[in-house]
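Everything below concerns the one structure shown next.
Every chain is numbered from 1 and lettered A, B, ... according to where its sequence line falls, protein lines coming before strand lines. Only this structure's heavy atoms are used, side chains among them; waters, hydrogens and symmetry mates stay out. Just so you know, these numbers come straight off a predicted model, no measurement behind them.
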2 protein chains.
Amino acid sequence: MTPTLKDVALRAGVSTSAVSRTFTDGASVSDKMRKKVEKAAAELGYSPNFIARSLTTRRTKLIGLVSDNFYNPVFLEVFDRFTRALQDCGLRPLLVNLSNETDPESSVRMLQQYSVDGVMVASSTLPPEFSKAFRDKNIPVVNTFGRHATSPDVHVVGIDNVAAGRMAARELISRGYKSIAFLGGPKRATSTLDRLEGFQAELALHPDVTFSYSFASAYSFHAGRAEILRLAEFGLAEAYFGGDDVLSVGILSGLQDLGKNVPNDVGLIGFNNMEMAGWENIALTTIHQPIAQIIASSVELMVAMLENPDRYPEARLFPCHVVERKTLRPIQSR
Amino acid sequence: MTPTLKDVALRAGVSTSAVSRTFTDGASVSDKMRKKVEKAAAELGYSPNFIARSLTTRRTKLIGLVSDNFYNPVFLEVFDRFTRALQDCGLRPLLVNLSNETDPESSVRMLQQYSVDGVMVASSTLPPEFSKAFRDKNIPVVNTFGRHATSPDVHVVGIDNVAAGRMAARELISRGYKSIAFLGGPKRATSTLDRLEGFQAELALHPDVTFSYSFASAYSFHAGRAEILRLAEFGLAEAYFGGDDVLSVGILSGLQDLGKNVPNDVGLIGFNNMEMAGWENIALTTIHQPIAQIIASSVELMVAMLENPDRYPEARLFPCHVVERKTLRPIQSR
DNA sequence: TGAAATCTTGCAAACGATTGCAAGCATATT
DNA sequence: AATATGCTTGCAATCGTTTGCAAGATTTCA
């Protein structure tokens, strides 16, 4: 149906090698030959079959893009940026959804069966072992949004979650809140734990503030809302660090229903700076995670690995910053 | 590096055909042979290479998933459902991002070069010609969220946008609003126009209500907000049908800033029922688009086409329904 | 002008699988 | 026991490309 190399060769009256060479750059072909071939190819509407090509070149230019997070708004941006950045490098994302928790094992095998050139693991909740499985099969892998501490043998790009936790704590303290709490997502996410660790460590420097923490059942609006409502029965803290923006908006909503004035009765700072945090009727003060840089750097790293698969693993960490909106009261000068 | 068919054959002391056959179901192999091969394969950690296989079977099980909408929250659900549904059928989504408006032409070629078995075009804004381009190359295509009227020669699954428009109008009328307006996204989206058409047609049945319309500059929060603020200078209608939920939340936010009481001063109904519409601090009354069914049906259709590529094109339209929240006042009994 | 150096080109062997065909082997039938 | 029948199995061709090698063509230089 679709024309092949041979068809073009026949029509142009040349060998298949000649045709092949005019379509692989850096190959030696005379201008005359190139013209002839290109003419025939154009007439036939030919373009090389990447799949067949990959058999000999051992490069599919396919990149596995695996994630288990299809419900956080920031992942819209993540997918958008990933696909664009990869496309710009001539790479193609093969999307893998791990949400259904079907054993990761099989995803690893599948990606191998498709001969992907590399894999991007975009998740902060997937265990490092998952990423390592690829490395063990000699497939270049970068764990975007991963935790660097526990996986020193796989490339990680993301943020320093404990630093982010400290940042949140400092912010809350600077606003003069004296009773401060952490309201995280499920404990299983290591990023949550790291954030908590930094948060707690920073707070420990201030003996005059009291600290508490709890975990919502999921990284969702309703989980955040339910948790703050539950907490209210025992008495609220003066300020909360929400584990994530959607959780935080749930907290905010609960607070509003409780008749609390945010930020005066209780302050709230989120994490991620998802788009909705900036909506005027939400106006959540939050910590911005530099997604654009993280992803650009991730694919940059990936293409570097494609050239040199034995590249020594590194962790690339980007700084966050707080974006001030309306859920924290002004900085208190003492 | 990774073991091949030949390696397994060698180790098992059988022909490559034998190995191949034990890995393709429906092939004739004795139990004894199968055991032997499976043992060798397991020892080597072999699994068949899909890419190489596809060369002879002419099936890659790759499905192009192309979209130009990476910033609407409902697309999180869309991607999640698509990838899962495809995975469940043993198909793999090759994600293509058309946002950057790089000519679609080249995406078509690229997908052809990867020998995708089919293409799902998930967009309500991409022109029907785009989908047709695949059909012309004999690649099965289904246009999810597409407009059925103008593309009778390509499979479309989605909703009846003019019916949805009528539904919105009926809803607003039943609440007793007398001055009603349509505030859509950019005109270029045919779905917008269809919705407007139905909306207007239904309103025309009620001579006592006045109608007006306008278009925001994008399908975004800020575009909706800016437009309603602009409109306010000339006097607002009593109720609005927002072209889409994120636009509507922008409108809602603008209305709130204007000091309007929603739903009493002005009513608002959105479209899509994105997750955030259900957040208690937003509580947008909206029309639910049955995304789950649409996508399930889309991939169902796709696998049917893979079996019978000449399947006669059909349009599958699913009914919407309004989900009541807090931006519309109660039904008025006269 | 001739020899050396450099480019072009085609042949044929891969790449990792599948599959039609015919031969080999059991088993069933008479 | 002889023949017919149905399963298994291996051979070899094929899928659409790339690429090392050697031969042929062209250019360079003295």
Give the C-alpha distance, both sets of side-chain angles, the deciding distance and a yes or no for side chain to side chain donor-acceptor pair (under 3.5 Å) between A/Asn97 and A/Ser99.
CA-CA 6 Å; A/Asn97 187 338; A/Ser99 308; 2.5 Å; yes
Length of the line joining A/Lys6:NZ and C/dC11:P, which is rounded to integer Å:
13 Å
Can you measure B/Gln113 atom CD to D/dC15 atom P for me and round it to whole angstrom units?
20 Å
What does B/Val29 touch in the nucleic acid at a heavy-atom separation under 4.0 angstrom: a base, only the sugar-phosphate, or nothing?
sugar-phosphate
Calculate the interatomic distance between A/Leu5 atom CG and C/dC15 atom C1'; express it in whole Å.
15 Å
Taken to the nearest whole Å, CZ/A/Arg59 to P/C/dC15 is 18 Å
Counting any heavy atom closer than 4.0 Å, what does B/Ser28 reach on the DNA or RNA strands: base, sugar-phosphate only, or nothing?
base
Polar side-chain contact B/Ser17-D/dC11 base: donor and acceptor under 3.5 Å
yes
Using a 4.0 Å heavy-atom cut-off, does A/Thr57 contact any base of the nucleic acid, only the sugar-phosphate backbone, or nothing at all?
sugar-phosphate
Taking OH from B/Tyr114 and P from D/dG16, how many angstroms apart are they, rounded to a whole number?
18 Å
If you assign each of B/Pro3 and A/Val14 to its closest nucleotide in DNA chain C, which residue comes earlier from the 5' end?
A/Val14
Rounded to the nearest angstrom, tell me the gap between atom CZ in B/Phe50 and atom C1' in D/dG16.
20 Å
Among C/dT18, D/dG16, D/dT19, the one nearest any side-chain atom of B/Leu55 is D/dG16
Mind checking if A/Thr24 touches a base, just sugar-phosphate, or nothing, with heavy atoms under 4.0 Å?
sugar-phosphate
Any B/Thr56 side-chain N or O less than 4.0 Å from OP1/OP2 of D/dC15:
no
How about CG on A/Asn308, more than 12 heavy atoms from neighbouring residues, nucleotides or ligands closer than 6.0 Å, or not?
yes
If we count only N and O atoms by modelled type, under 3.5 Å, do the side chains of A/Ser47 and B/Arg109 hold a donor and an acceptor together?
no
Just checking B/Ser20: base, sugar-phosphate only, or nothing, at a heavy-atom cut-off of under 4.0 Å?
base
Please determine, for the side chain of A/Met33, which listed nucleotide (C/dG16, C/dG10, C/dT18) has the closest atom?
C/dG10
I want to confirm an ordering. Mapping B/Arg34 and A/Val19 to their closest nucleotides on DNA chain D, which one lands closer to the 5' end?
B/Arg34
Side chain of B/Ala52 only, heavy atoms from C-beta on: which candidate in C/dG16, C/dG10, C/dT8 is closest?
C/dG16
Looking at A/Ile291, A/Asp160, A/Val157, which hits side chain to side chain contact (heavy atoms under 4.5 Å, CB included) with A/Phe318?
A/Val157
Donor on one side chain, acceptor on other, A/Ser191 and A/Asn161, under 3.5 Å:
no
A/Arg21 or A/Thr2, whichever maps to the more 5' nucleotide of DNA chain D:
A/Thr2
Could one point to a donor on the side chain of A/Arg58 or the base of C/dG16 with an acceptor on the other under 3.5 Å away?
no
Report the distance from atom CG of B/Asp31 to atom P of C/dA26, rounded to the nearest whole Å.
16 Å
Would you classify A/Thr4 as touching base, sugar-phosphate or nothing, given that sugar-phosphate means primed atoms plus P, OP1 and OP2, and contacts are heavy atoms under 4.0 Å?
sugar-phosphate
Between A/Phe79 and B/Phe75 (judged by ring centroids, cut-off 6.0 Å), do the two rings come close enough to count as a pair?
no
Quickly work out the A/Leu44 CG to D/dG16 C1' distance and round it to whole Å.
15 Å
